[in-house]
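First comes the structure, then the notes that go with it.
By convention in this document, chain letters (A, B, ...) are assigned in the order of the sequence lines, proteins followed by strands, and residues within each chain are numbered from 1. Quick caveat, the model's predicted, so the values are computed rather than measured.
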Protein chains: 2
Amino acid sequence: MKDKTITIKDVAKIAGVSVSTVSRALNNYSDINQETKEKIFSVVKELGYKPNNIARSLSSSRTFRLGMLVEDNEGTGRLNPLVLEMIIGFKNTSSKLGYETVLLSTTSDIQRNEKLQKIFKEKQLDGMFIMGLKMTDQYYDELSNIDKPCVLLDVNINNPNVACIGVDNVRGSFLAVEHLIKSGHKKIGFINGHKDAYVSYERLDGYFLAHSRYKLPVDNSLIENADFTDEGAQEAVKRLLQRHKDITAIFCASDLMATGAIYSLTNCGYSVPEDISVVGFDDIHLAECIVPRLTTIRQDAKKIGTSAASLLVNLVQGQHMGRIVIEPELIVRESTKRI
Amino acid sequence: MKDKTITIKDVAKIAGVSVSTVSRALNNYSDINQETKEKIFSVVKELGYKPNNIARSLSSSRTFRLGMLVEDNEGTGRLNPLVLEMIIGFKNTSSKLGYETVLLSTTSDIQRNEKLQKIFKEKQLDGMFIMGLKMTDQYYDELSNIDKPCVLLDVNINNPNVACIGVDNVRGSFLAVEHLIKSGHKKIGFINGHKDAYVSYERLDGYFLAHSRYKLPVDNSLIENADFTDEGAQEAVKRLLQRHKDITAIFCASDLMATGAIYSLTNCGYSVPEDISVVGFDDIHLAECIVPRLTTIRQDAKKIGTSAASLLVNLVQGQHMGRIVIEPELIVRESTKRI
DNA sequence: CTGAAAGCGCTTACAG
DNA sequence: CTGAAAGCGCTTACAG
């Protein structure tokens, strides 16, 4: 009738050592006889013993649990499909590294002024991967002096407990605009994302950089903000068209906005890329299915997730590896043409 | 120097009762004096005490943890964006119900013949929400007699521990085809999803049903399979076009495939919807941004996730609520026209 | 209705 | 290098 869960006790008994010794072997302590260690591991294998993480957490101060905070903006908008890939990538490698992944969402976990510190405690997390942080978020400031390991997507904060990961947004944006300039475009509209997103500043920089590198003056009336929504992009396109009849290209800070822009352009009687070239950002799966296939800047979302997990686990284990930058890639398809 | 974590002991001391009594009050046991209960709760509030879930799990047999298994097919294909919405919906309501959500993925958790039973134990789960189950999955059979609560997306299995949730796929498919028939189409191609997916059978039934309801003969050579990929859909379209020059409409079992189909049609010189109408399935966000805006069948993904969580929590608490069916909705946009 | 005590499966000083 | 023992924060029979 005994519960068939095998515990550290069973292993100890069969291996003929004490529970403490088994625990030490399992945790890779150095002060242990090689032979006993081997015997223990063979018993572990034979019995198929798996340590109970819950018990482990209760007695140690570590929990082997990592939180992933995703901004779900309460059903307002749908979510960027890249987020799912990041989540999966993160989950798979943190799992490989022996950590469990707990999903956190802004609506259900970070309500009215909750401190991150509190979430850490309540959810018993060793570390946290934060996606979609905006500079206006109430916990933005807290991150400057938080004492728990955090990895931030696309945002850089100066704190030894915090590391940053993301695509090189300046470079990505630069590549997009450079591609257009090299294709002969001179009047290039830019539809940027949410103004409180860190990435928006960087992508704007890339836009400026490309212009200055190629000695093209920047006209600020060519720059629009559209909050990363397709509706926003549609409106932005109309404003752009009104102000500049001679515009020949538009760079959008997301594929979703690019899609919205193309829709709007088509509706206004322009054809893409014959009349106006469009470049996106992200390289979501649909970018290569729609008509015209979208020229865009690829972010390797799975890799971002994967690296974020390694980065965070390292941080949890006391090693700060610094900021990880993923190279963006220009993918030329059919929505841009040389003029 | 005392650790400032407040425990059940602190509450007991201040309330002037024993630890056991506090525990009973917190767990809503009935055999407890109303007054003591109130006193305890006021102390709990005053101290801001939160029970430690880990300790709770260790001593009871329940863990208050729910697993979400998402099929990530190891980077082969990208994932359906609806999955993310389901995940968030599920997470938010299970969180509201006091359960924590642990993400599980097929590649990292269900490798080579692992039993679900084992995952349950290792991950210490009270229940599991399984998405993207295929009939060829190695754990498909195990589900017929599993003794742990599971909620399955889109698959029906007869076992009191298993409940099913999903859109009415027969109905959804029927609505799509009916819309085409009512618009005057008589030769309607059908590009179905993965042949081992349960939904594919149901969506095929819907296609048949609409034909028989409207006394239209079914021509099997109008039916193709494309594994839910856009490349597959592009090929399928070409085969369809070869066999049937007079085809006027195509129904695709996903928006992604519909997008691929439209691309292929455009490339072959057909215009959508002028020459050929196309209907999708899912209503992903991009369905309303692309040119032409996609007529499709909406699955309310967030609602599916939300309801799945309630269903699972009920199951965990011993109550089987039966199968939940979400109504699909026909969304008519610009990719179909009357002929 | 309430308390004392054992126990969940592990880790971690502390001796030796 | 190893063992005995206390303890992590809770729950749960068992008495009363």
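Per the geometry, OH belonging to Tyr29(B) stands 7 Å off C1' belonging to dT11(D), to the nearest Å. In this entry the distance linking CG of Asp10(A) with P of dG9(C) reads 9 Å, nearest Å. Remark: P of dT2(D) and CD of Glu35(A) are 9 Å apart, rounded to the nearest angstrom. Lys13(A) has its NZ atom 13 Å from the P atom of dA4(D), to the nearest Å. One interatomic measurement links the two molecules: CD1 of Ile8(A) to C1' of dG3(D), which rounds to 13 Å at whole-angstrom precision. Summarising the geometry, the separation between CD1 on Ile6(A) and P on dC10(C) is reported as 9 Å, rounded to the nearest angstrom. At whole-Å resolution of the value, CZ in Arg24(B) and P in dA4(C) are 11 Å apart. Taking atom CG of residue Asn28(A) and atom P of nucleotide dC10(C), one finds them 17 Å apart after rounding to whole Å.
For Tyr140(A) against Lys134(A), the heavy-atom pair with the smallest separation is CD1-O, 3.7 Å.
Comparing Ile32(B) and Ser60(B), the nucleotide of DNA chain C nearest to each residue sits closer to the 5' end for Ile32(B). Of the two residues contacting DNA chain C, namely Val22(A) and Ser20(B), the nearest-nucleotide position lying further toward the 5' end is that of Ser20(B).
For Glu100(A) and Arg65(B), the salt-bridge test passes: some basic side-chain N is under 4.0 Å from an acidic carboxylate O.
The side chain of Thr21(B) places an N or O atom within less than 4.0 Å of a non-bridging phosphate oxygen (OP1 or OP2) of dG3(C). Applying the 4.0 Å criterion to OP1 and OP2 of dT2(D), one finds that Thr36(A) has a side-chain N or O inside that range. Between dG9(C) and Ser59(A), no contact under 4.0 Å exists linking OP1 or OP2 to a side-chain N or O. Using a 4.0 Å cut-off, no side-chain N or O of Thr7(A) falls inside it from OP1 or OP2 of dG9(C).
The 12-atom threshold is not exceeded at CG of Asn158(B), counting heavy atoms of other residues, nucleotides or ligands nearer than 6.0 Å. More than 12 heavy-atom neighbours from other residues, nucleotides or ligands sit within 6.0 angstrom of CD on Gln319(A). For CD of Gln34(A), the number of neighbouring non-hydrogen atoms (other residues, nucleotides, ligands) closer than 6.0 Å is greater than 12. Within a 6.0 Å radius of NZ in Lys37(A), other residues, nucleotides and ligands contribute more than 12 heavy atoms.
Among the atoms of the strands shown, none is found under 4.0 Å from any heavy atom of Asn53(B). Residue-level contact check: Ser23(A) touches the bases, meaning some heavy atom is under 4.0 Å from a base atom. Within 4.0 Å of Ser57(B), counting heavy atoms only, lies no atom of the nucleic acid at all. As judged by a 4.0 angstrom heavy-atom cut-off over every strand, Val19(A) is placed among the base-contacting residues.
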Q | Verdict with supporting geometry, Val43(B) and Ile40(B), side chain to side chain contact (heavy atoms under 4.5 Å, CB included) | A | CA-CA 5 Å; Val43(B) 173; Ile40(B) 289 170; 5.8 Å; no
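Relative ring orientation between Tyr99(A) and Phe64(A) is described as tilted, the plane-to-plane angle lying within the 30° to 60° band.
For the segment residues 38-52 of chain B, the set of residues with a heavy atom within less than 4.0 Å of an atom of DNA chain C is empty.
Pair check for dC14(C) finds dG3(D); Watson-Crick or G-U wobble, both atom distances under 3.5 Å.
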